[in-house]
Amino acid sequence: MYVPVLDSKIVGDVIADFRRKKGVSQEVLSGLADIGRTHLSAIERGERKPTLETLYRLSNALDVKMSDIVREIENRID
């Protein structure tokens with residue numbers, strides 16, 4: 001039986017791209033989102049997947065809708 005799994009590398013790449021588009025460093029974004037910089041770095045490298053809470057904090061810090069980030073992740077999966 002096939003069980004689909006969300007590719008953490010795609011998630012990380014999307015978050016990193018949104019961060020770069022905003023023109024902020026990992027240090028700044030992690031501070032704005034109130035998460036650890038090493039945690040953000042692990043997410044962007046695809047080593048960890050963000051929880052919904054973390055994704056929500058990141059989207060607010062990036063001043064984008066969480067759904068925009070999810071939509072881009074879905075676009076890259078397809």
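Owing to the predicted nature of the structure, the values given are computational and were not obtained by experimental measurement.
In this structure, Leu55 and Val70 have side chains that are in contact, with non-hydrogen atoms separated by less than 4.5 Å. The shortest side-chain heavy-atom distance between Val11 and Ile69 does not fall under the 4.5 Å cut-off.
Shown here is Asp63, whose CG atom has no more than 12 heavy atoms of other residues, nucleotides or ligands within 6.0 Å. Glu27 CD: 12 or fewer foreign heavy atoms inside a 6.0 Å radius.
We find the CG-CG distance between Leu62 and Leu29 to be 5.0 Å, quoted to the nearest 0.5 Å. Between the CG atom in Leu32 and the CG atom in Leu58 there is a gap of 10.0 Å [rounded to 0.5 Å]. Rounding to the nearest 0.5 Å places CZ of Arg57 at 12.5 Å from CG of Leu52. With rounding to the nearest 0.5 angstrom, the CD atom of Glu72 is 11.5 Å from the CD1 atom of Ile15. Here the straight-line distance linking atom CD of Glu74 with atom CG of Leu6 works out to 9.5 Å at 0.5 Å rounding. With rounding to the nearest 0.5 Å, the separation of CZ in Arg48 from OG1 in Thr38 is 8.5 Å.
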ask   = Does the side chain to side chain donor-acceptor pair (under 3.5 Å) test come out yes or no for Thr51 and Thr54, once each step is laid out?
value = CA-CA 5 Å; Thr51 63; Thr54 299; 3.1 Å; yes
CA sep, side-chain torsions, deciding dist, call: Arg71, Asp68, salt bridge (charged side-chain N to carboxylate O under 4.0 Å, His left out) = CA-CA 5 Å; Arg71 188 174 298 108; Asp68 292 340; 2.9 Å; yes
ask   = Taking it one step at a time, do Asp13 and Lys9 satisfy salt bridge (charged side-chain N to carboxylate O under 4.0 Å, His left out)?
value = CA-CA 6 Å; Asp13 287 345; Lys9 181 71 175 120; 2.9 Å; yes
task = Start with the C-alpha distance between Asp17 and Lys22, add both sets of side-chain angles, then the distance that settles salt bridge (charged side-chain N to carboxylate O under 4.0 Å, His left out), and finish with yes or no.
result = CA-CA 9 Å; Asp17 288 347; Lys22 180 83 171 174; over 6 Å; no
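A donor-acceptor pair is defined here as one N or O able to donate and one able to accept, closer than 3.5 Å; no such pair exists between the side chain of Ser41 and the backbone of Arg37. Looking only at distances, a side-chain donor or acceptor of Arg19 sits under 3.5 Å from a matching main-chain atom of Val24.
Look at Lys49 and Asp7 and you find no salt bridge, because none of the NZ, NE, NH1 or NH2 atoms lies under 4.0 Å from a carboxylate O.
Across every non-hydrogen atom of Gly46 and Ser8, the tightest pair is O-OG, 2.7 Å.
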